[in-house]
Amino acid sequence: MNFDFSEDQEHLRNEARRFLEARCGIGVVRGVLDDGARSHDADLWAALVEQGWTALTLPEEHGGLGMGRTDLCVLAEELGRVLAPVPFASTVYLLAEALMMAGTAAQRERLKDIAAGRCIGCIAIAEGPGEPSPARLAAEVRGGRLHGVKLPVVDGNAATLALVLARNGGQVRLHLADLTDPSVTRAPVDTLDPARDLARIAFDGTPCEPIGDEGLVDRLLDRAAVLIAFEQIGGADRCLETSVEFAKMRYAFGRPIGSQQAIKHKLADMYVNNQIARSNAYYGAWALESGSDELPSAAAAARVAACHAYWYAAREGIQTHGGIGFTWEADQHLHYRRALQLDMTIGSPRAWRDRLFSALEAQADEEL
Amino acid sequence: MNFDFSEDQEHLRNEARRFLEARCGIGVVRGVLDDGARSHDADLWAALVEQGWTALTLPEEHGGLGMGRTDLCVLAEELGRVLAPVPFASTVYLLAEALMMAGTAAQRERLKDIAAGRCIGCIAIAEGPGEPSPARLAAEVRGGRLHGVKLPVVDGNAATLALVLARNGGQVRLHLADLTDPSVTRAPVDTLDPARDLARIAFDGTPCEPIGDEGLVDRLLDRAAVLIAFEQIGGADRCLETSVEFAKMRYAFGRPIGSQQAIKHKLADMYVNNQIARSNAYYGAWALESGSDELPSAAAAARVAACHAYWYAAREGIQTHGGIGFTWEADQHLHYRRALQLDMTIGSPRAWRDRLFSALEAQADEEL
Amino acid sequence: MDFSDTPEEAAYRARAAAFLDAHAADLPRPTGGEMDRLAVARRWQAIKADHGYACITWPREWGGAGGTAMEQVIFRQEEARRGVPIAFFGIGLGLCLPTVIRYAPAEQRERFVGPAIRGEQVWCQLFSEPAAGSDLAGVRTRAVRDGDDWILNGQKLWTSGAHYSDYGLLIARTDPDLPKHKGLTMFWVDLKAPGIEIRPIHQMSGGVEFNEVFFNDVRISDAQRLGEVGEGWKVAIFALMNERVEGGKDRGLPAARIIAIARATPAGDATLADDGAFRAAFADGYVRMRGVSLTRYRTLTAMSRGQTPGPEASIGKLVMASELQELSRRLIEAQGAYGLIDDEALSMADGTVHHDLLHAPGIRIAGGTDEILRNIIAERVLGLPAEPRVDKDIPFSQAPKGI
Amino acid sequence: MDFSDTPEEAAYRARAAAFLDAHAADLPRPTGGEMDRLAVARRWQAIKADHGYACITWPREWGGAGGTAMEQVIFRQEEARRGVPIAFFGIGLGLCLPTVIRYAPAEQRERFVGPAIRGEQVWCQLFSEPAAGSDLAGVRTRAVRDGDDWILNGQKLWTSGAHYSDYGLLIARTDPDLPKHKGLTMFWVDLKAPGIEIRPIHQMSGGVEFNEVFFNDVRISDAQRLGEVGEGWKVAIFALMNERVEGGKDRGLPAARIIAIARATPAGDATLADDGAFRAAFADGYVRMRGVSLTRYRTLTAMSRGQTPGPEASIGKLVMASELQELSRRLIEAQGAYGLIDDEALSMADGTVHHDLLHAPGIRIAGGTDEILRNIIAERVLGLPAEPRVDKDIPFSQAPKGI
């Protein structure tokens, strides 16, 4: 039985944690949070690239290190812990994965740019309020040119290359579009998590090329769901640690508030949620790495559990800290905001609950 | 401002409580619970009739006392407190209300039998698993004769006269059917709450007559929802009182378990739920008594809140009592069972939540 | 059961309405910021004072109308209906001035009561501290006797309105060697006194409603003491008992607004209003929110019958705050990624829902945390026993303390 | 991350499988009630004992196989796969006999260990009492010294299997004037001794899994004492530490079964499987149930790596019990009024869901209530401080007591 990270992976984690402690203190996060003009921390991004993090899972022939998705899960968890203000998920879990899964030989050449830090990715799906649905999609490719407005796009200001969901002939599929093209107009939009980048992007006849088939977007989101679950668990565990620490130190009525059952049981519930999320995420990692047929249900379960855990931990982390936890200067609200950001970045937990049920239905049909 | 029971009504309550304390001790409930052959406690029923409870809201010309629905709410709450094993809701909130709302002069003559205790009612809607829907209804009236199987019917063994939902021509509507007719076959079915009566009833060409229009059943259930909410609140408050009392007396670790926040906050939540339910039920009572247009939303809100409160109180009442609360001899499980019985008796809380949303939508449309 | 006034209440409401119709219509609408709102509120307060509506329940000798709590409620309802400004003076007239009237010498009462009633002077309370939040008696701000004066040093926190207040009620520790509740003394302070520094607190919601107030060797006269030395806790309890029973105000958008939003939010092939999960969750939240509103009518009924409402009113904030948090999250979540957009021009209901989501955590804490409110309900309503107290009978200086 | 055995584990599994295939197939299937199942279980236990599989982790000198905890787990998995009977002996071999081996004199060990391993004698534990549930050290059963004997009086509660057991481990109070944890002593008792009365406890679910055991002037020899007088709490802790780490077994129907039920349940114009509220609620419950199952693999991984799992395994029952309660209620509720029918022939999954709904309240209490489990997680996993204890240092006879 080997249902845990390996010794090598724990080593990777220690390295990553040390690196991020040095390079991604809370000041780095607040630097982006407090400055509306900054989409991300460029120094941190450059340092990650230098460490080979964007190259970790890329094939060696494209300048990558050829490591596994489980290794990437380790980095994801550590990035989530420190609220890293960088477009890592958009670039590595989404763009690079799409290229590796479905890119033509020419398209896959872009992987070299990702490995070298010359390319930042994003995925552009939403076009306004409500979960996106193929039937309502307006963005369209006509004569190889993309027309439409995507709102919002996570990391849309920082990105150089976008995956864009658009109508093309009778199909709704992903396309690669270069965001530096003059036909592209983009601007930041105010977001619940100002430490992360959010954009409105208008395409007005932007050259683009399709990537993968109609099923790619769902397969891609399944994969990203597992990796983002680890970011969420990293954040949720950090909230738990901080809250436990505070509950031991903070006194009321002559004793630590952590000796009161109201706080004690709240933190026990937080721990339980985080463990439930972790176990589901491990199964997701196994399904991702092993190419299991169960990936859709495993990924959805990982995401649903992780969204719940992070939201609860962030929300009750503030409550545990009391008044001080509600101030701008305290770090609790950064997790509250990030929990919401990660909840919504690739489809809300609401949508993923439904997706989980559908995946379990499909599995049940298989079993019969 | 007068949003509470009146002095007269509080007097009625005191009378009712004294009466039920004398006549409906827990032994009476267990007498029905433990004896599969008994549908209800006939002595208690006779005593209620003698007290005029079945006649309370009936018009004076039919042998009634002509009192208001809010007075009936008082009795409902007291009956709920003591888990009364009698077909009161079926007879008074459903059958008598239907006759008063929509009965022809001839049909209304039955009210005299209700006042005098010669008639017990029931409402027969369900025909198997799932919330009933007009589209799936199989019971049918052909040539004035009723055919079909109703499963289950609350109070169906005790009743003499049934309201039966059946297809008739192009319509789905309620019919009055005499259950003593030889074409009727009925038998008890095992139920989660053996202190209350549950039946399977087969109609094989039973004479029947329609009552009211197609809308009657919904209007009737709205009215019953308010009254049953008071039964639920009576039960929920009883669970709270018992649990508070136990938590003060029961010691662990050298102090009352009620001094521990885990128990303390559980009971505070129980209190909050009960108050929320009570306030919604008062509004339902006002809407019922005053004939307000808001009755559909008020009734649904009262029912949703009361179902939640009673279930929580019954469930956590057992938990508060610990091991002893899980024994057959303890009374906690009687409330657990009754909470489920009242949840399901006129449509589940699940269905009523949806109904509440629809009612609020209709109100919002009105307001525009 | 109905919602109508008694004949006496109806008569009072008619009188109040006549007064308001005669005087409130001419008030200017504030156009600028907080200071402008304060100016209008002062003007209105003076008008009310001239006509005996400023402190309805106070005795006439102190400028009140000797009225009932129900009359006060009716007047507030009529004020609210007309949108006149009612903020700024609640803490002063509700909490500080009753304490001054009860504990200050005659000449100070004369000095303060009139200007406060007319809105000419604003008061705030200086009770909470970094280490004295839920545990209010844990105050560490020191007052050290120096001849006929006292020297104050320490920090107060979560002080509403300190930046526009003239005076404050302050509780300080005068003897750390006595047990916690016994070494406290109450004072009033002039907030313009040297050594006082007022800093706004930046909240996670972006708002600035509270202040930190620092005391650095602030010298006050012993004449500013309210009550005996060491009796501060008793005086604080008196002050807080005068706080208006707060049943929790209605929070969040009205149901009709939410339904409109749900109908406008695409979900799958239909809208959010067709989604079973949303319908069910909204229904559950609605009955709780609605239950709190309706519970207030029950409280008013008790008042109308001459009863004094008890601690059961504390269910209001407890329920509303959590429901607001979950409801606003649910609405935002249903927008999909678009829900992340926190821009008044783009997001639903002009950003109200996003504001609620970021504000709700504070509501769950301010004025009694969820946990404290559950304790109050359990102990004061249900009569459950208190927890063992380890710090009650030992010198405060030796009681265990944390951060 | 994978679920495969290490090479050593795979080899052990192959050996175990070969043994089971050779011997388990011939076992008769029990057809009657509990006594019949016990007879088959005894027979299988004897076969295992003959081949060194009865107590895999015990040292060879006591009839064990000197194996690892992981080998024990693998053997159990293979047993479970073949449906052989594994009940009846868990408490004896997991908890009572290790205590006998550790604390009893040599000749008693010889006398008891062999028959217990072979299933010839069954043991139960007699710890819980009416006033000693969550607070296990609150036992009031008295043992009074009388020459070389002790006289037992009192009542034990929640005793699994007392009615078919031969012996029991019993903790009793030998000195009520010492503090709570210090006046306890451990004994073994012969359940056939005069003065012992065993009565079944009728549960709300209708089942009878536990007993009350009454002791009326039961005379036992001082030779039946395990450990020193007054050291009973220490012995009890030793016994309970030997309890197998219980990660909470899987409870409720598998997902595929529930989906089939949902598809078969009409709801509006479609089925329950199309209802957004049910889909969402089921998904939430599923990830929690599934999370507990998967957490067990993490526990096994730790064991496979030679670590000892800690109290974090207590999340299993905590989560499973509540989820089972809500899931079964939700399924029943979706049946509408039909859900009230509690009849195996009529209700879904042959009545399993109804049984779960009536059984779940007991699961939330037995073997550590939800509240105790949260305390354990908070204090022993997260390291949060314990609550103040008012009864620890005073004579038990003077400690406050309730019902």
Side-chain angles (χ1 to χ4, degrees), chain A residues 1-6 9 70 73 240 244 247-248 254-256 258-261 263-273 275-280 282-283 285-286 289-290 297-298 300-306 308 349-350 352-358 360-361 363-368, chain D residues 1-6 9 70 73-74 254-260 262-263 273 276 278-284 286-305 312 314-315 318-319 370-371 373-379 381-388:
Chain A
M1 185 53 60
N2 188 26
F3 188 57
D4 204 341
F5 289 110
S6 68
Q9 285 158 345
T70 316
C73 291
L240 174 61
V244 166
K248 288 178 184 169
R255 53 184 173 119
S259 71
Q260 302 270 10
Q261 287 182 340
I263 298 297
K264 196 175 263 194
H265 289 191
K266 188 194 291 298
L267 297 177
D269 287 342
M270 211 184 273
Y271 171 83
V272 168
N273 291 337
Q275 291 302 312
I276 294 284
R278 182 172 288 281
S279 297
N280 275 291
Y282 282 15
Y283 193 69
W286 168 81
E289 184 85 64
S290 68
S297 72
R303 179 154 175 79
V304 169
H308 175 69
R350 190 179 153 276
W352 280 89
R353 267 185 218 109
D354 204 71
R355 199 164 160 143
L356 172 57
F357 196 94
S358 298
L360 291 172
E361 281 187 295
Q363 252 172 249
D365 291 340
E366 280 297 307
E367 284 169 26
L368 298 180
Chain D
M1 288 210 193
D2 60 62
F3 296 89
S4 54
D5 289 332
T6 63
E9 289 164 4
M70 196 63 202
V73 167
I74 289 169
R257 267 312 273 295
I258 295 167
I259 287 170
R263 286 176 167 183
F278 182 78
R279 292 169 70 93
F282 177 71
D284 277 332
Y286 171 83
V287 302
R288 293 183 73 78
M289 291 276 211
R290 177 84 179 143
V292 171
S293 308
L294 291 168
T295 300
R296 271 202 302 278
Y297 290 114
R298 291 170 53 205
T299 305
L300 291 180
T301 301
M303 289 170 68
S304 175
R305 292 178 182 178
E312 58 275 7
S314 39
I315 76 169
L318 175 62
V319 173
D370 290 358
E371 291 74 20
L373 294 178
R374 286 198 178 90
N375 267 0
I376 289 172
I377 292 168
E379 294 177 13
V381 182
L382 301 178
L384 289 165
E387 282 157 282

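If you're wondering where the values come from, they're calculated on a predicted model, not measured in any experiment. First the proteins, then the strands, lettered A, B, ... as listed; each starts at 1.
- Contacts of A/Trp352 classified as ring-ring contact (aromatic ring centres under 6.0 Å, His included), with partners at least two apart in sequence or in another chain: none.
- Side-chain contact check for A/Arg353 versus A/His308: every heavy-atom pair is 4.5 Å or farther apart.
- D/Ala273 touches chain A through backbone and side chain together, each having a heavy atom under 4.5 Å away.
- Counting heavy-atom pairs under 4.5 Å between each of D/Gly276, D/Pro388, D/Pro385 and chain A puts D/Pro385 at the top.
- Residues D/Thr295 and A/Arg278 bring no donor and acceptor atom of their side chains to less than 3.5 Å of each other.
- Proximity to chain A (any heavy atom under 4.5 Å) is shown, for D/Glu387, by both the backbone and the side chain.
- For D/Phe282, the part lying under 4.5 angstrom from a heavy atom of chain A is the side chain only.
- Contact tally against chain D (heavy-atom pairs below 4.5 Å) for A/Leu267, A/Ile276, A/Asn2, A/Thr70: the top residue is A/Asn2.
- Contacts of A/Tyr271 with chain D are made by side-chain atoms alone, with heavy-atom separations under 4.5 Å and no backbone atom involved.
- Ion pairing between D/Arg298 and A/Asp4 fails under the 4.0 Å rule for side-chain N and carboxylate O.
- Contact check for A/Met1 versus D/Met70: side-chain heavy atoms found under the 4.5 Å cut-off.
- The contact between A/Leu360 and chain D is made by backbone and side chain atoms together, counting heavy-atom distances below 4.5 Å.
- Only the side chain of D/Leu318 comes within contact range of chain A, judged by heavy atoms closer than 4.5 Å.
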What's the verdict on side chain to side chain contact (heavy atoms under 4.5 Å, CB included) for D/Leu294 and A/Phe3, showing C-alpha distance, side-chain angles and the deciding distance? CA-CA 9 Å; D/Leu294 291 168; A/Phe3 188 57; 4.1 Å; yes
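- Side-chain contact between D/Phe278 and A/Phe357 is present, with at least one heavy-atom pair separated by less than 4.5 Å.
- D/Arg305 touches chain A through its side chain: at least one heavy atom from C-beta onward sits under 4.5 Å away, while N, CA, C and O do not.
- Of the two parts of D/Val73, neither the backbone nor the side chain holds a non-hydrogen atom closer than 4.5 Å to a non-hydrogen atom of chain A.
- For chain A, the nearby parts of D/Asn375 are the backbone and the side chain; heavy atoms of each come within less than 4.5 Å.
- Among A/Lys266, A/Lys264, A/Arg355, the residue with the largest count of heavy-atom pairs under 4.5 Å with chain D is A/Lys264.
- Note on D/Val287, D/Val319, D/Val381: by heavy-atom pairs under 4.5 Å with chain A, the leading option is D/Val287.
- Interface summary for chain D: among A/Asp269, A/Val304, A/Ile263, A/Asn273, the most heavy-atom pairs under 4.5 angstrom belong to A/Asp269.
- At a 4.5 Å heavy-atom cutoff, the contact between D/Glu371 and chain A is made by backbone and side-chain atoms alike.
- Judged by distance alone, with hydrogens and angles left aside, the side-chain atoms of D/Ser304 form no donor-acceptor pair with the main-chain N or O of D/Leu300 at under 3.5 Å.
- Atom OH of D/Tyr297 is surrounded by 12 or fewer heavy atoms from other residues, nucleotides or ligands within 6.0 Å.
- Among the candidates A/Gln9, A/Gln260, A/Arg255, the residue making the largest number of heavy-atom pairs closer than 4.5 Å to chain D is A/Arg255.
- Checking A/Arg303 against A/Asn280 by side-chain atom types alone, no donor-acceptor pair falls below 3.5 Å.
- Annotation: the span from D/Glu379 atom CD to A/Ser259 atom OG amounts to 9.0 Å, rounded to 0.5 Å.
- With chain D as partner, the option from A/Ala268, A/Ala300, A/Ser297, A/Ser290 having the largest number of non-hydrogen pairs under 4.5 angstrom is A/Ala268.
- The greatest number of non-hydrogen atom pairs below 4.5 Å with chain D, out of A/Met270, A/Arg350, A/Gln275, is found for A/Gln275.
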